[in-house]
Every structure is written in structure tokens, then in C-alpha cells.
Number of protein chains: 2
Amino acid sequence: MSRNANLTPLPGSCAACAVRPFALFRVIPQARVGEIARIRSGVRLVRAGDAILDSIFTMYAGWAFSWTATPDGRRQVLDFHLPGDLVERSEDAAEVEALTDSSFCILSRERLCAFMGRDPGLAMSYVDGLTRDRARMRERLTSLGRRDAAGRVAHLLLELHGRLLRRGGADARGAAVPLKQAHLADALGLSVEHANRALAALRKDGVATLNKGRLEIMDRTALEDLAGWAGLPPPESLAPQTLAG
Amino acid sequence: MSRNANLTPLPGSCAACAVRPFALFRVIPQARVGEIARIRSGVRLVRAGDAILDSIFTMYAGWAFSWTATPDGRRQVLDFHLPGDLVERSEDAAEVEALTDSSFCILSRERLCAFMGRDPGLAMSYVDGLTRDRARMRERLTSLGRRDAAGRVAHLLLELHGRLLRRGGADARGAAVPLKQAHLADALGLSVEHANRALAALRKDGVATLNKGRLEIMDRTALEDLAGWAGLPPPESLAPQTLAG
DNA sequence: CGTCCTGTTGACGATGTTCAAGGGGGGTGG
DNA sequence: CCACCCCCCTTGAACATCGTCAACAGGACG
């Protein structure tokens, strides 16, 4: 395979950008797309596994992820970045790495800020992204805090499937999900072996499979039950005991 | 004790607001404080344990926290809200509850948005808060994913101490921290009993205590070592193994 | 053909949960 | 003033979940 076979180039103009309907600039009407041209400071194509050093960019093709290393040499994956996502790399905090061969559009923070100062709609779109990020982090926190391994895997698969569905990258039965089991494990606070076992259980029960870069959902109800804590007590049962106000 | 002994009223004017230097409106110079008066839509005093239903507000006195219930009747505490923090309650997602008797200043989202549209500095301040929130959620995620119980407790205590220090609510040796062990447990994904044991270990080793609403830090170095994974291999040791790029 | 990466499985031990019980302090009502 | 109760903290023991260690299989690639 050629070294560049999977590298998807970006279109020359934002007007032709396939991910713009799902991205920061979705609020700029097609007629005004010319105005944002100067916010783009460049494009970049990177290979799977490459570190990404640009400080603010929009994913165009491929997946990336943010992570931090723990002093004992393990990783915590903080978030996955899909086409259309705005990614900000804060100098000191997290690393960003291409998960697959990827291409993205680098922005000038200075010019973006200036434009947002003049266009409240764009600023709102930016804020919207931050708010969504925070909400997703909160959901993950709940996963790591209160779900067991199977629930965490189920929940993450559903989250990714939902995000892909919204941008047309999935159908009801599945999607392209290029995660290795190590990514799952490092995102969910599990060992690779345990993530594997959780995935094996899903496969064995005919719920879902993750194989060769593809997620297949065979039984969405069962998957949701797992993610939402299977075997619930009836909803009208007792209220939370701890911290009862 | 009177039913209102701990309810701290707010000053009538933002000009006299004690938390403004640490809050959203810190960017508005004293001379222009009059302009933001109309963004305030009211104040509220609530008792410990009360649910807070207002959709956007700035904590003035006391602590609050956001949480979600799991279908099996447990809680995940998502974040703690300290004086000066801007809190947004999203209808469907998380509940917000007063942790102590608290008072806060309710904002009008509509007028806040309008003002931010005219004042990019205020918009930046708002964005700054969202970015900080996200960073804090990421740190918590790392805690729940990769730290053991002692490390999680140590890390959260340090986080809270740092946040309090920045707003003058702490000295180097400790701070008022009104958390019950159940709050710690529900924030850190632990059972109350295990959180208790972790806290007991900190106390026994002379590292820190959390007692009667007060955090005392006896050995900050040891606490940081715990939070940063005690017994680290030397920094120049091996790189992360999983997901090696 | 050998090597590396990824996935897989088993055995065992560590960490954390659950269940059960009890203690202390501050309120409230007799 | 005392008795009682409730909330919070604390401890122990049995048990479950998950991590670690070790081994191996299959496929891609050189």
C-alpha cells in the first residue's frame, strides 16, 4: 500500500467542505463563506499514530484523540475527535494524536477570535462546542464512576455511534469505528484484557461487535440496557439514599 | 439556632460584590459595573440539601454541586460549585443541589447573551470558564480512570484547595471544605466505606484530615505524591506502552 | 519465514464493594 | 435534664470485579 493511500486531502475552499454542516462554521451561510477564508491558516495531513501539535483545528477526515500520560506509564484517553470536531490543544495539558490517517484544517486563533468578536453567531457556535464537550466529559465521568466494564463499553459505543449518526457517518446497524481495544481500555479506565473480555461478552450475547474497524450493532435495546445499567429496579422504586437532601 | 443563621445575603450592588474578582464579571472594570446591573435577574438564598432550579447563576456564598442519578439509585457527583463559580443547569442533564446553606445571584440568560454580544471581553471570560470546566472534568476523568482510591481522594482535595486558594478562601495549611464523605465517594466513584478508609489512611499517615467541615493539610508533599501516583519511576524511565504511536 | 501488532484466554492476586454492626454528637421532645 | 433519634462516621469480614502476568494465535508486512 502506498504510504499516502488513506490521506484524504481537503477541498481548496470552505464552500466545498463536506464537514462544515457539522462544524464550527456551520452557522456561516454559504453566501458568506468567503469571509472565513482568512481564519484558515493551513491544512495538514498526518499518519495514524502521529502526534498533532497544532493548537486549534477542525478535523476533516479521520479520527484523532486527546490523552494524558500517568506517571506510572499508562494512558488516559480524554476524548475522541471525529470529522467536524473543533480540537484545541492546550500546551501543558493533553497530547493529541491521530488515531487513523487524518487530515484537518488549521485555524488562526487570533483571527478566529477577531471574527467571533464581530459575529456573535459564530461565538455562540464555539460556545456550543465547549458546552457539548463538557457534557460529554460529564457523561464519561459518570461512566467511569458508576458503570461496570460492560456498561462503560456499551455506553462509549453508543456515544460514538450517536455522534457518527448525526454527521451521516453511520447507519442504524453500525459504523466505521477504527478504535483498537487499547483505545477503548485507555478511555474507559480498564486494562486491555478486561476491555477485551467485555467486548467478547457483547459479541457472545449477540449485542454488538467491534472488529476490523467496524462497529456492528445487532441488538440496540440490549446495548442500551447495558449502558443504562441492565436489570434496573422499576423506575418508581426508591430514591437515591446517599446524600439525601 | 435560627433557621437563617447561615444564610449570607448578597450585597445590593455588584460594585460591592466580594466574589466578583473571581467571577464571570471580573473583566468589567469597576467604573462600568453599573452596566451589568440589568443582567442580574434576582438573588436567592437556599438551605443545604435544597435543589436549585435556576438555570444560570453565580455562587456568592456557600457550596453547591451538580449530580446525576444512576438508574440503580446511586449518585455521580459531577462538579462542586464554589463562591464565584458560574453555574448552568441544563434542563435534562444534571441536578444542582446546595451543599451548604448558600446564596447566589441569578442571571438572565437573554440579557447576558446580549451583553456578551456587545462586549467580547465578557464573552471571553465566559468562554474561559467553560474551558476551565472542561479541563477540570478531564482531570477528574483521569482520576477515575487511572488513580486508586487514595490517589483520587488526594487529587480532589488538592483541586479544591487550589480553587479555594485562588479566591482567598484558604491558606497553605487548610481550608473550610464542607464535604461529607458521601460527597467525596459519589464524586470519585467509590463507596462511602472505601472513601472513609482512604481518608483514614491519610489521617493515620499524617498527610491530611477532613473533619467537621475543615480540610487540614499536614504534609503537602506526601499529598501531592499520592495524587500524582506515589512511588513514581524516575521521570526519564520508559514511555507509555499501550497505544505506542 | 520471521517479526510485530492486535486480539484472546486462563490463572491468580489486588483493589474496591457489599453487608452488617456499632459509635458519637447534635437536635428534639418528653 | 434526660432519652431518643437521626445523621454521619467507622470498622470488620465476605465477596465481586478488575488488573497483572503469562502464553498463544492470526494477520500484515518486510
Side-chain angles (χ1 to χ4, degrees), chain A residues 1-3 5-6 47-49 70 72-76 99-100 143-153 177-186 188-204 209-214 226 229-231 240-245, chain B residues 1-3 5-6 47-49 70 72-76 99-100 143-153 177-186 188-204 209-214 226 229-231 240-245:
Chain A
M1 174 169 71
S2 151
R3 295 281 305 159
N6 289 325
R47 306 209 58 85
T70 65
D72 62 354
R74 298 181 299 174
R75 288 196 183 197
Q76 176 66 43
L99 199 156
T100 64
S143 251
L144 297 215
R146 293 304 189 205
R147 271 186 261 256
D148 64 8
R152 292 183 206 181
V153 170
V177 171
L179 301 184
K180 315 278 185 212
Q181 293 183 356
H183 296 113
L184 269 185
D186 286 347
L188 298 176
L190 300 170
S191 64
V192 178
E193 295 89 336
H194 204 68
N196 175 293
R197 282 183 256 259
L199 230 28
L202 289 183
R203 190 184 332 125
K204 174 175 151 299
T209 62
L210 182 62
N211 208 326
K212 299 189 205 305
R214 174 127 197 112
L226 274 173
W229 298 277
Q241 293 299 316
T242 53
L243 293 180
Chain B
M1 174 167 71
S2 151
R3 294 281 303 159
N6 289 326
R47 305 208 60 87
T70 64
D72 62 353
R74 296 182 300 173
R75 287 197 185 197
Q76 177 66 44
L99 200 156
T100 65
S143 251
L144 298 216
R146 294 304 187 205
R147 271 187 262 257
D148 65 7
R152 292 184 204 180
V153 170
V177 172
L179 301 184
K180 316 279 185 209
Q181 295 183 354
H183 295 114
L184 270 185
D186 287 346
L188 298 176
L190 300 170
S191 64
V192 177
E193 294 89 337
H194 204 65
N196 176 292
R197 282 182 255 259
L199 230 28
L202 289 184
R203 190 185 330 125
K204 174 174 152 297
T209 62
L210 182 63
N211 207 327
K212 299 186 204 306
R214 175 132 196 107
L226 275 172
W229 298 277
Q241 292 300 315
T242 53
L243 292 180

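What you see below is based on every heavy atom in this structure, not just the backbone, and it leaves out hydrogens, waters and symmetry mates. Residue numbering restarts at 1 for every chain, and letters A, B, ... go by the order of the sequence lines.
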Closest approach of [X] to [Y] (non-hydrogen atoms, all atoms of both residues):
X	Y	answer
A:A198	A:V153	CB-CG2, 3.9 Å
A:L226	A:A150	CD2-CB, 4.3 Å
A:A149	A:H194	CB-CD2, 3.3 Å
A:A182	A:V192	CA-CG2, 4.1 Å
A:A185	A:A195	CB-CB, 3.9 Å
B:R75	A:R146	O-NE, 2.8 Å

Which part of the nucleic acid does [X] contact within heavy-atom distance under 4.0 Å: base, sugar-phosphate only, or nothing?
X	result
B:G151	nothing
B:R203	sugar-phosphate
A:G189	sugar-phosphate

Requested in this report: State, yes or no, whether a side-chain contact exists between A:L179 and A:L99 at a heavy-atom distance under 4.5 Å.
Outcome: yes

Between [N] atom [atom2] and [X] atom [atom1], what is the distance in whole Å?
X	N	atom1	atom2	answer
B:K180	D:dC6	NZ	P	17 Å
B:L188	C:dT15	CG	C1'	15 Å
B:L190	C:dT15	CG	P	14 Å
B:L199	D:dC9	CG	P	9 Å
B:L144	D:dG19	CG	P	13 Å
A:L184	D:dC18	CG	P	15 Å
A:Q76	D:dG19	CD	P	12 Å
A:K204	C:dT8	NZ	C1'	15 Å

Looking only at side-chain atoms of [X], point me to the closest of [options].
X	options	answer
B:N196	D:dT10, C:dT6, C:dT9	D:dT10
A:H194	C:dT6, C:dT17, D:dC18	D:dC18
A:D148	C:dT9, D:dC18, D:dC9	D:dC18

Requested in this report: Check whether any side-chain nitrogen or oxygen of A:Q181 sits under 4.0 Å from OP1 or OP2 of C:dC5, and answer yes or no.
Outcome: no

Query raised in the report: In Å and rounded to the nearest 0.5 Å, what is the NZ to OG1 distance from A:K204 to A:T209?
Result: 15.0 Å

Query raised in the report: Given that A:G145 and A:L210 both sit by DNA chain C, which one's nearest nucleotide is further toward the 5' end?
Result: A:L210

Query - Evaluation steps, side chain to side chain contact (heavy atoms under 4.5 Å, CB included), between A:R152 and A:L144 - result: CA-CA 7 Å; A:R152 292 183 206 181; A:L144 297 215; 3.8 Å; yes

What are the atom names and distances for every N/O pair under 3.5 Å that joins the protein to nucleotides 19-26 of chain C?
from, atom 1, to, atom 2, distance (Å)
C:dC19, N4, B:E193, OE2, 3.3

Requested in this report: Starting from the first five and the last five pairs of the helix from C:dC1-D:dG30 to C:dG30-D:dC1, work out the angle between the resulting helix axes, to 10 degrees.
Outcome: 30°

Report summary line: The salt bridge (Lys or Arg N to Asp or Glu O under 4.0 Å) partners of A:R203 (sequence neighbours excluded) come to none

